[in-house]
K.L.:
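A single structure is presented below for examination.
In what follows, every heavy atom counts, from backbone to side chain, and hydrogens, waters and symmetry copies are set aside. Just so it is clear: chains get the letters A, B, ... in the order the sequence lines come, proteins before strands, and each one is counted from 1.
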Amino acid sequence: MEGRLRSIRRAGGLRQIHFMGHVVVLVSVALVTLVPLLFLVLNSFNEAPLGKTFAWGLNGWRQAFHAPQTLNALKFSFLLSTRTFVGLLAAFVISWLLVRVRIPACSFIEFSLWMAWFLPPLSVTIGWMALLDPQVGLINQALKTLSPLPVALNIYSFSGIMWVHLSLLTIRVITILFAPAFRQMNASIEESARSCGSGPLKTLRRIVLPLLWPSVLVVTIAGLIRSLEAFEVEQLIGIPAGIYVYGTRIYDLVHWDPPHYGQAMALSTIFLGALGLLIILYQVLRRYGEFATLRAGGMSVRPALIGEWRHLASGLLLTWIAIGIYLPLGMVLLGSFMKFFGMFHIDQPFTLKHWVSVISDPAFKNALGNSLLLGFGVATVGVVVYSFLGIFMIRSRSFGTPLLHFLVWIPWAIPGILLGLSLLWLFLSVPVLNFFYGTLLVLIFALILKDMPLGTQMIRAAFLQVGSELEQASRVVGASSFMTFRRITMPLVAPMLVSIFVLVFMSSIRDISTPVLLAFPSTTPLAVLMLERSVAGEIEKASVIGVILSGLAILTALGMRRLGFRLGANSV
Amino acid sequence: MKASAEVLLRVKRLCRRYGAVDAVDDVSFEVFRGEFFSLLGPSGCGKSTTLRLLAGLEEPDSGEIRLKGEVVVSDRDRIFVSAEERHIGLVFQSYAVWPHMTVFQNVAYPLEVRRWKRPEIRRKAEQVLGLVGLTGLENRRPAELSGGQQQRLALGRSLVYEPDLLLLDEPLSNVDAKLREQLRIELKKLQQSIGITIVYVTHDQSEAMALSHRLAVMNRGRIEQIGRPEEVYKAPGTFFVQSFVGRLITFEGRLAERSSQRFVELPGERAIAVRDSRAIPNDSHVCVAVRPEDIEIETGEGAPGAQALPGKVQDVAYVGGHYECAIEAAGSEFVLDMPASVRLARGQAVTLHLKETTLRPR
């Protein structure tokens, strides 16, 4: 009886604690997501050099609007973002083929697209350089001997950048965004149109497209936001052609001596403005899109019939994947064993010396150690933080929950280079924080922030999947909240947490644009070392690192597929 | 239930709002020890919310719940005993058996939580698994069980710690019709043999009638009537109860009075006499409601009478054992079961004698 009395709690008291907890979480998340960005905007009006007191002025803005390269960067960023629309068209058809038609070999195609998510884009870019260099590129050499006309494809060009993005990134990203929309559409909707006598194309045009229209709009905006994130591809093949985008321009400005921080901040602010508009549009459309998607029960995905065409479609897609992913990847592998990158015609072109020299290089060992520390640090702390946020979002139903969702989502829309720049300034100029400047902790913090939207969203989904009834059943039979968490919730979500751990690990060691501005020589991770080597012209050494990172990525992807993990909509 | 029986559960003026909706609106009832009590109503009537309030999974906005005389919820005294301390059993509609545990582990868990000793857990779990017919499946995972077996596992898990009160949330709605009938019989036997008190939530009136000692019919968060199944069926307190419990055939018309006898004038210049004492003014639109079993059918145009209506057979369907006849009369169309011995044909004229009618304003 005494036990009973002790356990009676006063209702109402907890609600107040709950409210305070909510405010604390909301404010902390706002602090880490919004403050760096505000700092960035503020400092675009700062004329003082780093470490000095704030001096109000428009110098940064003036410079930004007078430097032709900065204006060029704006122009090319905009022009290159139009690839979203090309990608959209292709991705729509590909998702339809993969999800609804289930063309032959679709699971291999899906796996390849999925695996490509883990690949560092830079290593694939290096592969393309070996294939399409105007002088020594393998394809150009073949064209020279085969074609009577003097034609040469040049990777160092606007269309070269477009090509690498479309073949490797844009279409794949948008396909992964689209697939869930198709999966949500009940097959019988299409089938009833077919049985009314409308052909597959007409059904697509009259039934499928109008139904998916809200999703199309949302995915377009998401694709545009993603397209503004590009950095390393442009750094490697844009700069030789004199093409700057705002990401590479910021990198450039920060690496001047002395650095043009004001101008970099002004340029960033312009982009933040553009992103802000896209973000608002995205949020509005997403709400509308959710309303419009069909969530009727009995979701069934049955193959749609398109007859013999499916073999042709499958063949085309396989060719695209072979050319877009496996060919450049193979080239990087080959290139890492070559005396001179892409030079096949010399005597004994193959050698192991680059592998030997890279592996014995202290900088490599240091970077490998940094990458591992970074990966484990971000994944371990990240999973804890994301779990807390994910569970908090599920459990709390208060006025601030939608705001919290939005705040957690923000880093998804912020390009890595922008995040890097804002954190660089923050860690340099804020008194207590500058103590950490130059350490690996800054990189870990930045990447935890960068992966927060993906990680939190996935953990939220995992906990939702467990189902509150399984937990309630445990409470009803007499288990405390702690016991329920330990015996019911944790064992059920553990496999998912492992997957998320691996995903965050991979995502943080392959990221270049976020750590590039924050890394010191002593804290450089592998991916950034690869960029530095390739920018310095040591392509063969960059290839070796590219092969190591890609191998790790492929192994991870294979391992996770073994665990039965699927990459979902929110994880791009 | 004897009037002298002990009250196990007393619910007083319970309210729970979701936004602008009164999910549970001023609900009060009592359940006696050993009783099988049902909450019956359409989906969204608040019966499941009431159950979750009893289990402690929701907090009410106001009201009081007493279990064995002890207050477990009271808004006035600001008392809320959490779910794990109420010692109540709950079987979820989805069963909510833990997929990562074996059958044995599922049943043993509540005892582990109570810090029982290992050999005692084994003995008790085996006994309960025998009771619900799962002996021999101890090492299976829930995914390897059929729907009916999962349901029994959920039941076993809730019985193993001998709770004072067992709550069942539509436990039979996820199994197919044949199995449902079998499980229903098993459940009734089980309740009788161990004498546990049950509060049962369902939208299926035949289930509620067959199982319960008493039932409460709920609509829009309120209890419309509480009573034994026969009472609720034969003397429905409201029109909602009458139409929700059992089938009901209605005729719409206008109330009139001729030489101090009240009639309802129906379409087709027909009228039937009504002797309803309800104070409904003359000339108002009304519904005449009648249970199918209170209609007698005579073939051909029978003798006209105050309670007789001419009708016409629209369709006849053989459904095995008996016929279902669609009949049109006085502007209404309805289906009546006819024994196989009575052969009606499509288009045939019939006369309906209404033995018991009730009158409702429209």
K.L.:
Are B/Y95 and A/E469 side-chain neighbours, meaning at least one heavy-atom pair lies under 4.5 Å?
P.N.:
no
K.L.:
Which region of B/L90, side chain (C-beta onward) or backbone (N, CA, C, O), has a non-hydrogen atom less than 4.5 Å from a non-hydrogen atom of chain A, or is it both or neither?
P.N.:
both
K.L.:
If I compare all heavy atoms of B/A96 with all of A/A473, which pair ends up nearest, and what's the gap?
P.N.:
O-CB, 4.0 Å
K.L.:
Under a 4.5 Å cut-off applied to non-hydrogen side-chain atoms, are A/R487 and B/E112 in contact?
P.N.:
yes
K.L.:
Would you list the pairs meeting side chain to side chain donor-acceptor pair (under 3.5 Å) in which at least one residue belongs to residues 379-388 of chain A, sequence neighbours left out?
P.N.:
none
K.L.:
For B/S94, which atoms come within 4.5 Å of any heavy atom of chain A: side chain, backbone, both, or neither?
P.N.:
both
K.L.:
Heavy atoms, side chains only, cut-off 4.5 Å: are A/L470 and B/F92 in contact?
P.N.:
no
K.L.:
Please give me the minimum heavy-atom distance between A/I488 and B/Y109, naming the atom from each residue.
P.N.:
CG1-OH, 3.8 Å
K.L.:
Surrounding CZ of B/R180 (heavy atoms of other residues, nucleotides or ligands, distance under 6.0 Å), is the total greater than 12?
P.N.:
yes
K.L.:
Is any side-chain heavy atom of B/W98 less than 4.5 Å from a side-chain heavy atom of A/E471?
P.N.:
no
K.L.:
Against chain A, label B/V97 side chain, backbone, both or neither, depending on which of its atoms sit under 4.5 Å from a heavy atom there.
P.N.:
backbone
K.L.:
Quick check: closest heavy atoms across A/S480 and B/E84, and the distance to 0.1 Å?
P.N.:
CA-OE2, 3.8 Å
K.L.:
Cut-off 3.5 Å, no hydrogens considered: what does the side-chain donor-acceptor table look like for residues 114-132 of chain B, sequence neighbours left out?
P.N.:
{"unit_1": "B/R114", "atom_1": "NH1", "unit_2": "A/V477", "atom_2": "O", "d": "2.5"}
{"unit_1": "B/R114", "atom_1": "NH1", "unit_2": "B/P110", "atom_2": "O", "d": "3.0"}
{"unit_1": "B/R114", "atom_1": "NH2", "unit_2": "A/V477", "atom_2": "O", "d": "3.2"}
{"unit_1": "B/R114", "atom_1": "NH2", "unit_2": "B/H87", "atom_2": "ND1", "d": "3.3"}
{"unit_1": "B/R122", "atom_1": "NH1", "unit_2": "B/E126", "atom_2": "OE2", "d": "3.2"}
{"unit_1": "B/K124", "atom_1": "NZ", "unit_2": "B/E162", "atom_2": "OE2", "d": "2.5"}

K.L.:
Taking the side chain as every heavy atom from C-beta outward, state whether B/R86 and A/V476 have any atom pair closer than 4.5 Å.
P.N.:
no
